[in-house]
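Remarks on the structure that follows.
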Amino acid sequence: QAQLVESGGGLVQTGGSLRLSCAASGRTFSSNAMGWFRQAPGKEREFVAVISGSGHTTYYADSVKGRSTISRDNARNTVYLQMNILTPEDTAVYYCAAAQNGYTVPLVPTGYQYWGQGTQVTVSS
């Protein structure tokens, strides 16, 4: 019954920015790490970013480090991913996920228990 719903995806030009949101419901995830993953057609799902339950620890994939920021608002049970300087390589379906209890900041999908349905990000060349 816990649910994660992503929003904020869309079509953007190269060099543009997007802010993705992930709203959780059914329970609070304030004690769970929250992550973002993405999957392009024909490719495996890849890690993008993760933030600890407290919000004090973050990790980013090298492909987005320096131009992306993950954040969370536990009062709203929501996590965000700000992405800047987007390129066509960022085109993918972006998923948010809540980590399993006891996992700090997992970097692989197996560390997560709940997943959203994804939001499409398309970056035009």
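Closest approach of Leu107 and Phe37 over heavy atoms only: O-CE2, 4.0 Å. A pairwise comparison of heavy atoms in Thr14 and Ser125 identifies OG1-CA, 3.7 Å as the closest pair.
When the ring pair (Phe, Tyr, Trp, His ring centres under 6.0 Å) test is applied to Tyr59, no partner is found at least two apart in sequence or on another chain. Remark: Glu46 pairs with Arg38 by the side-chain hydrogen bond (donor to acceptor under 3.5 Å, both in side chains) rule, at least two apart or across chains.
Judged by distance alone, with hydrogens and angles left aside, the side-chain atoms of Asn77 form a donor-acceptor pair with the main-chain N or O of Phe29 at under 3.5 Å. Between the side chain of Arg19 and the main chain of Gln82, no donor-acceptor pair closer than 3.5 Å is present. At distances below 3.5 Å, at least one donor-acceptor pair connects side-chain atoms of Thr78 with backbone N or O atoms of Arg76. In terms of modelled atom types and a separation under 3.5 Å, the side chain of Ser52 and the main chain of Ala33 share no donor-acceptor contact.
Put simply, Met34 and Leu18 are part of the same group of oily side chains (I, L, V, M, F, W, Y) that touch within less than 4.5 Å, one to the next. Both Met83 and Val12 sit in one connected hydrophobic cluster of ILVMFWY residues. Membership requires side-chain heavy atoms under 4.5 Å apart, directly or through other members. Under a hydrophobic clustering in which Ile, Leu, Val, Met, Phe, Trp and Tyr are joined whenever their side-chain heavy atoms come within less than 4.5 Å, directly or via other members, Tyr80 and Ile70 fall into different clusters. Cluster annotation: Leu4 and Val50 are assigned to distinct hydrophobic clusters (Ile/Leu/Val/Met/Phe/Trp/Tyr, side-chain heavy-atom contacts under 4.5 Å, transitive).
To the nearest 0.5 Å, atom OG of residue Ser63 and atom CG of residue Asp90 are 7.0 Å apart. We find the OG-CD1 distance between Ser17 and Ile85 to be 7.5 Å, quoted to the nearest 0.5 Å. Taken from NE2 in His56 to CZ in Arg72, the straight-line distance is 11.0 Å, to the nearest 0.5 Å. The distance from atom CG of Leu20 to atom CH2 of Trp36, rounded to the nearest 0.5 Å, is 4.5 Å.
Counting heavy atoms from C-beta on, the side chains of Leu86 and Gln13 never come closer than 4.5 Å. Inter-residue side-chain proximity for Arg45 and Val93 is flagged as unmet; no heavy-atom pair is nearer than 4.5 Å.
When hydrophobic residues (I, L, V, M, F, W, Y) are linked wherever their side-chain heavy atoms come within less than 4.5 Å, Leu11 remains an isolated member.
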Below 3.5 Å, can you tabulate the donor-acceptor pairs from side chains in residues 108-119 to any protein atom, sequence neighbours excluded?
unit_1	atom_1	unit_2	atom_2	d
Tyr112	OH	Pro106	O	2.6
Thr119	OG1	Gly9	N	3.2

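By the 6.0 Å contact criterion, CZ on Arg27 is enclosed, its count of non-hydrogen atoms from other residues, nucleotides or ligands being greater than 12.
The stretch residues 89-125 participates, sequence neighbours left out, in these disulfide bond (SG atoms under 2.5 Å apart) pairs: Cys22-Cys96. Sequence neighbours left out, the pairs with a member in residues 95-104 that pass side-chain hydrogen bond (donor to acceptor under 3.5 Å, both in side chains) are Asn32-Asn101.
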- Task: Applying side chain to side chain contact (heavy atoms under 4.5 Å, CB included), run through Thr69 and Tyr60 and close with a yes or a no.
- Result: CA-CA 8 Å; Thr69 302; Tyr60 299 90; 3.9 Å; yes
